[in-house]
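Notes to accompany the following structure.
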Amino acid sequence: QVQVVESGGGLVQTGGSLRLSCAASGRTFSLLDIGWFRQAPGKEREFVAAIRSGGTQVSYLDSVKGRFTISRDDAKNTVYLQMNTLQPEDTAVYYCNADWNWPIRRQYDYWGQGTQVTVSS
């Protein structure tokens with residue numbers, strides 16, 4: 001099980017930006033595909049974005065395309081989610097997770113604590 005830690009959430013106004021970080025331990029980080037997910041109150045957790053090992057492929061939820069950008073810095077064992085033009089419907093707890101296969105899974109046995117993103121209208 002790869003241990004990941006999410007950070008960077010906060011409270012922003014509509015139209016604002018945040019950058020989330022997903023840090024992981026281990027020498028194999030560069031080989032992992034990493035995904036971001038989110039869960040809003042009363043809703044199911046949903047896939048947001050993913051980046052393949054080597055950064056060769058990315059994938060996004062349709063509603064965040066053009067606003068969110070996923071990237072990775074393997075030297076820092078970190079994946080980022082740059083979120084621009086945030087909307088109230090982006091309010092959720094954001095989680096990251098790791099997979100060895102692409103496309104990444106949507107279901108995992110373990111989730112970290114996540115980081116809260118709140119967008120005020």
Side-chain angles (χ1 to χ4, degrees):
Q1 178 67 49
V2 177
Q3 300 295 320
V4 295
V5 178
E6 306 92 344
S7 63
L11 172 64
V12 295
Q13 293 184 334
T14 297
S17 298
L18 283 173
R19 188 178 78 159
L20 306 184
S21 298
C22 172
S25 58
R27 299 180 180 180
T28 58
F29 179 83
S30 64
L31 302 179
L32 292 167
D33 305 322
I34 304 293
W36 281 99
F37 303 80
R38 66 186 181 187
Q39 187 167 21
K43 294 187 177 181
E44 296 289 318
R45 185 178 283 127
E46 66 177 350
F47 167 81
V48 175
I51 186 165
R52 195 168 187 176
S53 60
T56 55
Q57 285 182 262
V58 295
S59 177
Y60 294 98
L61 176 70
D62 283 348
S63 63
V64 308
K65 286 180 180 177
R67 300 190 298 122
F68 291 12
T69 303
I70 190 170
S71 62
R72 64 190 299 156
D73 184 343
D74 289 339
K76 296 182 179 180
N77 277 19
T78 302
V79 167
Y80 303 100
L81 185 67
Q82 178 66 44
M83 306 187 297
N84 298 329
T85 320
L86 283 161
Q87 303 297 314
E89 52 266 36
D90 296 317
T91 294
V93 178
Y94 284 70
Y95 303 87
C96 64
N97 225 318
D99 201 350
W100 292 104
N101 299 301
W102 185 267
I104 67 169
R105 288 172 286 159
R106 301 300 193 256
Q107 301 296 326
Y108 295 81
D109 293 331
Y110 173 81
W111 294 93
Q113 291 190 335
T115 186
Q116 176 71 48
V117 172
T118 303
V119 185
S120 63
S121 57

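Nothing here was measured: the structure is a model prediction, and the numbers come from that model.
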(request) Would you please name every residue forming a ring-ring contact (aromatic ring centres under 6.0 Å, His included) with Trp111, sequence neighbours left out? (result)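 Applying ring-ring contact (aromatic ring centres under 6.0 Å, His included) to Trp111 gives Phe37, Tyr95, Tyr108.
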Applying disulfide bond (SG atoms under 2.5 Å apart), which residue pairs with at least one partner in [range] are found, sequence neighbours left out?
range: residues 22-97; result: Cys22-Cys96
range: residues 26-59; result: none
range: residues 39-88; result: none

(request) Find out if a path of hydrophobic residues (ILVMFWY) with successive side-chain heavy-atom gaps under 4.5 Å connects Val5 to Ile34. (result)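 Different clusters: Val5 never reaches Ile34 through Ile, Leu, Val, Met, Phe, Trp or Tyr contacts under 4.5 Å.
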What residues, two or more places apart in sequence or in another chain, satisfy side chain to side chain contact (heavy atoms under 4.5 Å, CB included) together with [X]?
X: Val12; answer: Leu18, Leu86, Val119
X: Asn77; answer: Phe29
X: Trp100; answer: Thr28, Leu31, Leu32

(request) Can you sort out the partners of Arg105 under salt bridge (Lys or Arg N to Asp or Glu O under 4.0 Å), two or more places apart, ordered by chain and number? (result) Asp99
(message) Please enumerate all residues that pass salt bridge (Lys or Arg N to Asp or Glu O under 4.0 Å) together with Asp74, with sequence neighbours excluded.
(response) Arg72
(request) Give a yes or no on this: more than 12 heavy atoms of other residues, nucleotides or ligands lie within 6.0 Å of atom CD of Glu89. (result)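 Atom CD in Glu89 is packed in, count exceeds 12.
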(request) Determine whether Thr91 and Gln116 make a side-chain contact, defined as any pair of heavy atoms from C-beta on separated by less than 4.5 Å. (result) yes
Rounded to the nearest 0.5 Å, what's the gap from [atom1] on [X] to [atom2] on [Y]? Could you check?
X: Met83; Y: Thr85; atom1: CE; atom2: OG1; result: 11.5 Å
X: Leu20; Y: Trp36; atom1: CG; atom2: CH2; result: 4.5 Å
X: Tyr110; Y: Asn97; atom1: OH; atom2: CG; result: 9.0 Å

Over all heavy atoms of both residues, which pair between [X] and [Y] is shortest? Give the atoms and the distance, please.
X: Gly8; Y: Thr115; answer: N-OG1, 3.8 Å
X: Ser30; Y: Ser53; answer: O-CB, 3.2 Å
X: Val117; Y: Gly9; answer: CG2-CA, 4.1 Å

(message) Listing request: all side chain to side chain donor-acceptor pair (under 3.5 Å) pairs with a residue in residues 58-67, at least two apart in sequence or in separate chains.
(response) Asp62-Lys65, Arg67-Asp90
(message) Suppose the criterion is side chain to side chain donor-acceptor pair (under 3.5 Å): which pairs have a residue in residues 11-23, not counting sequence neighbours?
(response)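 Residue pairs passing side chain to side chain donor-acceptor pair (under 3.5 Å), neighbours aside: Ser17-Asn84.
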(message) Any side-chain to backbone donor/acceptor pair from Thr56 onto Gly54? Under 3.5 Å, distance only.
(response) no
Using distance only, find each side-chain donor-acceptor pair of residues 40-48 under 3.5 Å and give its atom names and separation, not counting sequence neighbours.
unit_1	atom_1	unit_2	atom_2	d
Glu46	OE2	Arg38	NE	2.7
Glu46	OE2	Arg38	NH2	3.2

